[in-house]
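In what follows, chains carry the letters A, B, and so on, assigned in the order in which the sequence lines appear, proteins first and then strands, with residues in each chain numbered from 1.
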There are 2 protein chains.
Amino acid sequence: MKARLTERQNQAYEFIRSYMRTHRKPPTLKEIGQALGIRSTNGVFKLLRALETKGYLQREPNAARGLRLADDEADPFALDEGAPTLVVVSRTASDQPEQLRRRPSGYLTVDPYFLRGVMDPETCVIGRAGDDGMNGDGIRKGDFVVIEEAPWNQLRNGELSAFLVGEELLIRRFYFANDRLHLRPADRTYTEETFSPADPRCHVIGRVIALMRRLR
Amino acid sequence: MKARLTERQNQAYEFIRSYMRTHRKPPTLKEIGQALGIRSTNGVFKLLRALETKGYLQREPNAARGLRLADDEADPFALDEGAPTLVVVSRTASDQPEQLRRRPSGYLTVDPYFLRGVMDPETCVIGRAGDDGMNGDGIRKGDFVVIEEAPWNQLRNGELSAFLVGEELLIRRFYFANDRLHLRPADRTYTEETFSPADPRCHVIGRVIALMRRLR
DNA sequence: AAACAGGGTGAAAAGATTTTCACTTTATTG
DNA sequence: CAATAAAGTGAAAATCTTTTCACCCTGTTT
C-alpha cells in the first residue's frame, strides 16, 4: 500500500498526469513550478523526490523530463466505466485497411450518448476528416469522426459515411446506383467520385455517427 | 498529402515512435543518434528538420525532448483513469446565469484531450449552440460546445466564445472595442450584436474549446 | 561540369534542466 | 519547548540538449 500524499504532493502529481496526457511527455521542473506557483525549481525538486520515495513516481537522474508515473500501464479498455475508449486510426494505415485497429495513433473516450444505436462499441473507431469536402455539412478537415464500421451494402443511400481513398480518410454522403458506389461531397469545389464495389482504391469503413473537434 | 520519407527518415520516425511507446516521452537527439548509429547530433538534427517540414513531426524549439508525432493526436499512453464528466447546462437557466450548474440538463464525459490547457476541468461546462450564427465556422445549431468559463475581460479579441442572450446560448467571436462587447457571427445572415459590459441581457460564459455533435 | 539534396563528422555556442547549497517559515509532536 | 517534517526562496553549479558553423561525401539533376 502506498504512503499517503500531502495536499501539495497530490497537486503536483495531478498536474504531472494531466500535463502528460495533453503533451505526450513529462513536464520540466520549471513548468511544474509555474503551474503550482512555486518560484524555485528546488521547491519542485523536493516535491518530486517525495513523490518518488512514496512510490508514485520514477525519476531518471539528470535526464530532461526524466519522470514517469509509477502506474501508467493501464489497459485503455480495462477501465470502461460507462464511457468506452475508442481507437483513433492512424492515417498511415491506409495501405492495409484490414488492419485499421492494429496501428492506432491514440485513444479517445467517448460518451455513450454519442454511440446511440450502436450495439457494440467495439465496432466503432475514430478517424480524422482528411479534407474539407463536407464543409457544407459543418465537418472540417481534421475533425474527429466516430465511425461505426459497416460494409457498403449495409449503408443506406444518403448516409454520412467514411472511406479510405488513397492516403486520405474521406467523409462523404454515400449513394449506391448503377452498380457503383458514389461518394458525394457537400461542397461544389470537390467532385463526386464513384468506384466499383470491388475497386481496391476505395475502402469503405462505415457510417459516421458523431463528431468532435478541438478548438484550441 | 504528405511527402514520402526517405529510408533514413523513416528509420528515425519509427525509432521515435517505438521509443515513445516504451518510454512515455520523446527521445533526445543523442538517443536517436545512438539508435541509428549517427555520431553527430547535427546529423540527427537535420533528419528531424526534414521530418518536420514533411509534416510527420512537430518540434518545440529549444525544448528538451521537444518532439511530438504529428499523427498522434489522442493519448497513446492510456494513462486514463476516467475522463471528466461535465455538466450540460439547460437552456432554461438563462434567467439566473449565476446558477448555470445548478440545473443541469445532463452530463457528458469528455476526453481530457479536448481539455488541453485547462487547469481544472471543474471550470468547464457544456452548452448547446442556440442558432446557426457560426455555420461559417462549422458550428451548427444544437452542437454541444465545451466552454471554459471566463469573464469577458479574460477573453482575447477574436476568441470563439459563448454567451447567454435572451433564452439562447450564442456562440460568437468576441471583440472588445469602444467600451463595448461585440459578438460577431460568422454568417452574414446574422447581425453583430454589441452590449455594454454591464448589460444584464448579455451574460458571458467563457471561451469555447471543443465541440461535439451527434449525427444520428 | 556545376548545382543540389540527403546524410554525416566534429566542435563549439547557446539554452534548458536538474542538482546542490544555505537559510526561512509554518505547523505538528514527543 | 526543542525537534522534525513539509514547503519554499534564491542563486550557483553541473549536466543535458538543442542549435549553429564549417566541411566532407555521394548520388542525381540541370
Tell me: [atom1] of [X] to [atom2] of [N], nearest whole Å?
X       : N      : atom1 : atom2 : result
A:Leu48 : C:dT20 : CG    : P     : 13 Å
B:Lys54 : C:dG6  : NZ    : P     : 6 Å
A:Glu60 : D:dT15 : CD    : C1'   : 13 Å
A:Lys30 : C:dG15 : NZ    : C1'   : 10 Å
B:Gln9  : C:dG7  : CD    : P     : 5 Å
A:Arg49 : D:dA5  : CZ    : C1'   : 13 Å
B:Leu29 : C:dG10 : CG    : P     : 17 Å
A:Leu36 : D:dA7  : CG    : P     : 11 Å

(message) Closest-nucleotide mapping onto DNA chain D: is A:Ser40 or B:Gly66 further toward the 5' terminus? I mean the 5' end.
(response)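 Nearest-nucleotide comparison on DNA chain D picks A:Ser40.
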Does any donor-acceptor pair link the side chain of [X] with the base of [N] at a separation under 3.5 Å?
X       : N      : answer
B:Thr41 : D:dT17 : no
B:Asn42 : C:dT9  : yes
B:Lys46 : C:dG6  : no

Should [X] be listed as having a side-chain N or O under 4.0 Å from OP1 or OP2 of [N]?
X       : N      : result
B:Arg59 : D:dT19 : yes
A:Arg8  : D:dA6  : no
A:Arg65 : C:dT17 : yes

(request) Pick base, sugar-phosphate or nothing for A:Ala63, based on heavy-atom distances below 4.0 Å to the nucleic acid. (result)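 Sugar-phosphate contact only - A:Ala63 comes under 4.0 Å of backbone atoms but never of a base.
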(request) Report which part of the nucleic acid A:Ile38 touches: base, sugar-phosphate, or nothing (heavy-atom distance under 4.0 Å, all strands). (result) sugar-phosphate
(message) If you assign B:Leu47 and A:Leu67 each to the DNA chain C nucleotide with the nearest heavy atom, which residue ends up on the more 5' nucleotide?
(response)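 The answer here is B:Leu47.
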(message) Closer than 3.5 angstrom, by distance alone: can the side chain of B:Gln9 be matched with the main-chain N or O of B:Thr6 as a donor-acceptor pair?
(response)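 The answer is yes, because a donor-acceptor pair under 3.5 Å joins these two groups.
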Establish, yes or no, whether the cationic atom of [X] lies under 6.0 Å from the six-membered ring centre of [Y] and within 45° of the ring axis.
X        : Y        : value
B:Arg214 : A:Tyr113 : yes
B:Arg184 : B:Phe174 : no
B:Arg128 : B:Phe144 : yes

(request) When you get a sec, tell me which of C:dT9, C:dA16, C:dG6 is the closest nucleotide to the side chain of B:Asn62? (result) C:dA16
(request) Verify the neighbour count for atom CG of B:Asp179: are there more than 12 heavy atoms of other residues, nucleotides or ligands below 6.0 Å? (result)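 No - once you tally the heavy atoms of other residues, nucleotides and ligands closer than 6.0 Å, there are 12 at most.
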